[in-house]
Each structure stands twice: as C-alpha cells, then as structure tokens.
Amino acid sequence: MTSRDRIKAIRNQPRTMEEKRKLRKIVDKEKSKQTHRILQLNCCVQCLNSISRAYRRSKNSLSEILNSISLWQKTLKIIGGKFGTSVLSYFNFLRWLLKFNIFLFIVNFSFIIIPQFTVAEKNTLQFTGLELFTGVGYFRDTVMYYGFYTNSTIQHGNSGASYNMQLAYIFTIGACLTTCFFSLLFSMAKYFRDNFINPHIYSGGITKLIFCWDFTVTHEKAVKLKQKNLSTEIRENLSELRQENAKLTFNQQLTRFSAYVMAWVVSTGVAIACCVAVYYLAEYNLEFLRTHSNPGAVLLLPFVVSCINLAVPCIYSMFRLVERYEMPRHEVYILLIRNIFLKISIIGILCHYWLNNVALSGEECWETLIGQDIYRLLLMDFVFSLANSFLGEFLRRIIGMQLITSLGLPEFDIARNVLELIYAQTLVWIGIFFCPLLPLIQMITLFIMFYAKNISLMMNFQPPSKAWRASQMMTFFILLLFFPSFTGVLCTLAITIWRLKPSADCGPFRGLPFFIHSIYSWIDTLSTRPGYLWVVWIYRNLIGSVHFFFILTLIVLIITYLYWQITEGRKIMIRLLHEQIINEGKDKMFLIEKLIKLQDMEKKANPSSLVLERREVEQQDALHLGECDGSLDLRFRRSVQEGNPRA
C-alpha cells in the first residue's frame, strides 16, 4: 500500500488510539526495512534520491530567503486589498524594474567603474551644485560619463594581470543587454504561461469562495487584510462576468465606433504635432546652445519633452469620457498603445538627433554630450513625475472634493504611470553606453517614486469604480517593454557601435575607426594563439553569422506559435468541459424531477403504503439507537479492562 492507504486502513481499524499507534510503528518499521534492502541493492537510486531531496530543500530554502528579503511585501498587500489587482500591477512592475536596475548597476560597477577608479586622476573641477540638474561641469571628469574612461590596458606592477578596458567596456555593456534580452523573454514566457496557458485562470475565481482561506493566518490585522484581498478579488471576478454578458444595440455600437474613430484621429494628430515640435526643437538645439552661454540653456529640450510627456497623456485620459469602454482592461490597453506611440516616437526623434546631429557635429567628445542629454531627460522626467504626484494629484483631489463635488475623487491612471516607467527605462538602456552610472540613478528614482506614488495613492485616489482582474496586465507591460522599447534600444546601439566613429580624444575607443573594431582586433589576436581557436570559431560561425541568428529567430517564433496553439487548445477544452458539466447538471435535474413525479404517483395510488413506510423508519431508528448504546457499553467495558483511569 501507499503511505496514504496505510494510514487510512489503520485509522479504520476498531482499535484504541494506543493500539493504532503501535500498529503504525510496526508497519513503518517493516516498510523501512524493505526500503533499506531495496536501496542497498541499488546505490544509484539512493544517490539520486538524496540529490533530489537536497535540491528540493535548497530550492525551498532559497525561495523562503528571497521572500523574506522581498521589498514592500506588506505595502503591496495593503494596496492590493484596497485598490485591487489593477493598481497593484503598476507597483509590481515598478518593483520588477528596480530589481532589473540593481543587477545592471552591480555588473557595471564591478567590471567598468572599479577598474577605472584604480587609474583615475584627481578631479580638479569645482562642484557648484548646478551639476545635479545640468549634468555638466564637475561630473564631466568622473566615472559617470564615457569620456572619462581610459583606452589603455590596466596593469599594476610588471607581473600583475592586465585588464583591457576596451574589451571590458564593450563586453560588459553587451552582457548587460544580452541578460536583459533573455530576462525579458523569460519573464514574458513565465507570465504568459501563468496568465494565459494555465487552466486555473478560466475558472472565474470560483475556488476563491470555497478553498481560499489560509487557517495559519491568526493575527487580527493580517486576517482583515486577507479578507479585504479576497473580497476585492471576488468583486473583480463577478464584475468581469457581468461586463462580458452585457450586450449593446446596433445604434449603441455605431455610436461607440464613431467615438472610437474620432478619439483615435485626435490622439494621432496630437502625437504627430508633438513629434514635429520636438524634431524642430532638436534640430536647432545645438545652434541655440552655441549662442547662449547660460548654464540653464541645456535644460530647454528636456523641459519641453517632459512637458509633452506630462500633458498629452492627461489629454488621452480624458478621452474615456467619450469612448466609455465597457471593459476597463480595454480602456487601459488603448491608453497604453496611444502613450507608447507618443513616447517611443519622441525617443526615436531624439535618437536621430543624437546619432546624426550630435555625433557628426565635430564636438570634442560627443559621447559625453549624449550621456549628459540623457541624464537631463531622466532627471527632468523624475522631477515632473514627483511634482505631478505631490501637487497635481493633490489639487485634483481638492477640486473634486470641495470645488466641483460632482467630479469626486479621481481613479489611479495605470496607463500613464506605467508608460512613465517604460519611458525612463528606455532612456536608461540607451544611455548605459554613454553614462554607465545611469542604472544607479534609475534605482534611486524608482525607490523614491514607489513611496511617492504610494502616499499619493492613499491620499488622493479612490478604488476603481469598475472592479476588474489585472492578472494579464504584467504580461502586457513586459511585452511593451520588450517591443518596441528594448528592440529600439538594440537598433540604436547597433548603429552606434557598427556605424559611428568614436571621438579621437576621449573614451576607451579613441583612435579606432568604429567601436566594433576593438572586437575585430581581439579576434585577430586570438587567431594567432592555438589554445583560443575555439573562441574564434564561435565568433565567426555563431555570433558573427547571420544564418545563426536567423535560425535562432525561427526557433523562437516556432516556440511562440506552439505556446499560442496550446493556449487555444486549452481554452477549447475548458469550454467543452464547462458545457459538459452544465449538461450533466441538467440531466440530474431531469432525473430528479422524474423520480419526484413517480413518487407522487405511487403515493396517490397506494396511500396505505405511506403509513407502513413511516413505521419501518421508526423501527430502523430504534434499532440504530440500540446498536449505538451497545457499542458504547462495549467500549466502556474494554477501557475498564485495560485499566484506563478515565473510564
């Protein structure tokens, strides 16, 4: 027998608890002897079992350690309980990006910044404080920017190991981007599997009503928080079921469609106008900076871009009054698409300005100039976000509560806030080549933004009026972060490394015709050493081969297609099983109705049989009571015979 069957068989024995314990010990002892003999005969099985147990224990202990040091666990539970999973998805995404940037900073700091510190010269420039806003001056001659790094091989002592700064710089940036690429793919696959493929997401959350409570939760505050979380999730499930069943008439559908078309036309026109304004401002920005010696003149371009990024999404959010989507998820998706179109277009125009105007302007160190521009954009976006959280959202609450009470408290704008995070992360990825300390700056801004948004959320916002599940939102956020954000970053950096000429007087690649020539020179050096020919083969046949990346892309597309087909197949299977359950319920109801009708017919035909049935039932009850009394007497006698003092 299995362990469960053995326990059940012992439990069903008509014995006392002490006898059952003795019997269980005897059986477990015999079973352990048999197991010991089997394991002695097969040493490999024993080794594999011990390895698997050690792996499971280490995995469980590691997951417990990670959960214990996880940031903001209690705060996230409070947010989820009060505002639902839709608002919680924004804070989960922010925490995920923070972990991402911690990794990027650790890698850059270990392999680029620390080696440069060992050979860095003392900074002779004076720190005035204005550098915190402009990024120029004192910061120019620090490890913050590309131009400060040496192009020589670092070696301490005649016999010490050498450290090629060119290779370290390009390989570290490449390793960071490669890790980001696979991390995004893995995260998308994980969330896609959890939220689209696993069948539990189609159950409608009904199991929450029956099997949801965790009886290990005993603290009063934890119990109330758990109740609030469960009630919020159940409301979200029921709200979505009602919204899916809602149907509109033809006239209502036509009116909605017209409103959608008009909203898209207006939003696209506003986005194009903003992009044109940024393009012409960027074209004349270099001339403007040459003619104006004021240190604050460099803030004009980031100020205008940040104003657009703050004002236009608010205009997009007002379209909800006209469009009136039945499903709040659809409204968030549409706002995300409009905002990503605006912000990625602006970043694309800025990249065109940096790679064509700044890089070809003949400036002394154009890489540092690009790094300074990205630093100012990131800092200005952070300042505007903070001002909007503490000032704009507070004023909106005052207007809704005291001046125009019909407006009421606002709801948290998920789309606008998520796109702010994606916009900032895109700038960090582009600027990591020109400003290696950008991940540290992004870590600080994300840490502050979490608390700022949390305080503003609790003070100035109300829970969503339409509850809805956001279990699939995280997948969509990471998809937008991967495409078009991360893929656009890869294209920009590929053009920089393969097509642009480095500055002649600064940076680790000075004197080279292109950045990529540092790799070519290294491969040529390795080809003369027999022990490293395998590295040359990998580079020429895999990394440098177009066919390899074509096959890799094809494999990824095939896996994606298979995942999609699995999803569709499971949806169909679950729908068929639901229909089968409904049909079985109908069959049972039909049979019960038939049985009731037959019983009614028998009662009408033989009324005397009803009296006989009642007498038989009374006799059976009396016999059952007698048997119970007899069994109680038997247990009492046995306990007295065993010398039980409680008898």
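As a basis for the values below, the full set of heavy atoms in this structure was taken, side chains included, without hydrogen atoms, waters or symmetry mates.
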Side chain to side chain donor-acceptor pair (under 3.5 Å) between Asn101 and Gln425, intermediate numbers included: CA-CA 9 Å; Asn101 285 279; Gln425 190 60 42; 2.8 Å; yes
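- Of the candidates Tyr423, Phe303, Phe390, Phe303 is the only one forming a ring pair (Phe, Tyr, Trp, His ring centres under 6.0 Å) with Phe384.
- Between the side chains of Glu131 and Thr128, at least one donor-acceptor pair of N or O atoms lies under 3.5 Å.
- For the residue pair Tyr451/Trp72, the side-chain donor-acceptor check at 3.5 Å is satisfied.
- Between Leu281 and Leu300 the shortest side-chain heavy-atom distance falls below 4.5 Å.
- A distance-only check finds a donor-acceptor pair linking the side chain of Ser267 to the backbone of Trp264 [under 3.5 Å].
- Asp413 and Ser317 share a donor-acceptor pair across their side chains, judged by distance under 3.5 Å alone.
- Taking the ring centroids of Phe111 and Tyr169, they lie at or beyond the 6.0 Å cut-off.
- Using cut-offs of 30° and 60° on the angle between ring planes, the pair Phe100 and Trp429 is perpendicular.
- Surrounding CZ of Phe482 are more than 12 heavy atoms belonging to other residues, nucleotides or ligands, all under 6.0 Å away.
- Counting only distance, with no hydrogens or angles, the side chain of Arg376 and the backbone of Pro302 share no donor-acceptor pair below 3.5 Å.
- A 4.5 Å side-chain heavy-atom check between Gln442 and Phe105 finds every atom pair outside the cut-off.
- No hydrogens or angles considered: a donor-acceptor pair under 3.5 Å links the side chains of Asn285 and Tyr353.
- Side-chain contact check for Asn309 and Lys343: no donor-acceptor pair (N or O, by modelled atom type) lies under 3.5 Å.
- With rounding to the nearest 0.5 Å, the separation of CG in Leu481 from CZ in Phe93 is 4.5 Å.
- Between atom CZ of residue Phe477 and atom CG of residue Leu94 there is a gap of 11.5 Å, rounded to the nearest 0.5 Å.
- Side-chain rings of Phe412 and Phe83 stay apart, their centers remaining 6.0 Å or farther from each other.
- Atom CZ of Phe148 is separated from atom SG of Cys506 by 12.0 Å, given to the nearest 0.5 angstrom.
- In this pair, Tyr333 and Phe476 present their aromatic rings tilted. The plane angle is within the 30 to 60° band.
- Distance check: Thr426 OG1 to Ile374 CD1 gives 11.0 Å after rounding to the nearest 0.5 Å.
- Between the CH2 atom in Trp498 and the CD1 atom in Ile519 there is a gap of 8.5 Å [rounded to 0.5 Å].
- Within the model, atoms CG of Leu310 and OG of Ser306 stand 8.5 Å from one another, a figure rounded to the nearest 0.5 Å.
- You'll find the side chain of Leu286 reaches within 4.5 Å of the side chain of Ser361, heavy atoms only.
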Could you go through Trp522 and Phe171, starting from their C-alpha distance and side-chain angles, then the distance that decides it, and tell me whether this counts as ring pair (Phe, Tyr, Trp, His ring centres under 6.0 Å)? CA-CA 12 Å; Trp522 180 62; Phe171 278 140; 5.2 Å; yes
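- Taking the six-membered ring where the residue is Trp, the centroids of Phe514 and His517 are separated by under 6.0 Å.
- Side chains of Ser503 and Glu367: a donor on one and an acceptor on the other come within 3.5 Å.
- Leu369 is not listed as a side-chain neighbour of Phe434, based on a closest heavy-atom distance of 4.5 Å or more.
- With respect to Glu323 and Arg338, a salt bridge is recorded, a charged nitrogen being found less than 4.0 Å from a carboxylate O.
- Salt bridge absent: Glu393 and Arg397 never bring a charged side-chain N and a carboxylate O closer than 4.0 Å.
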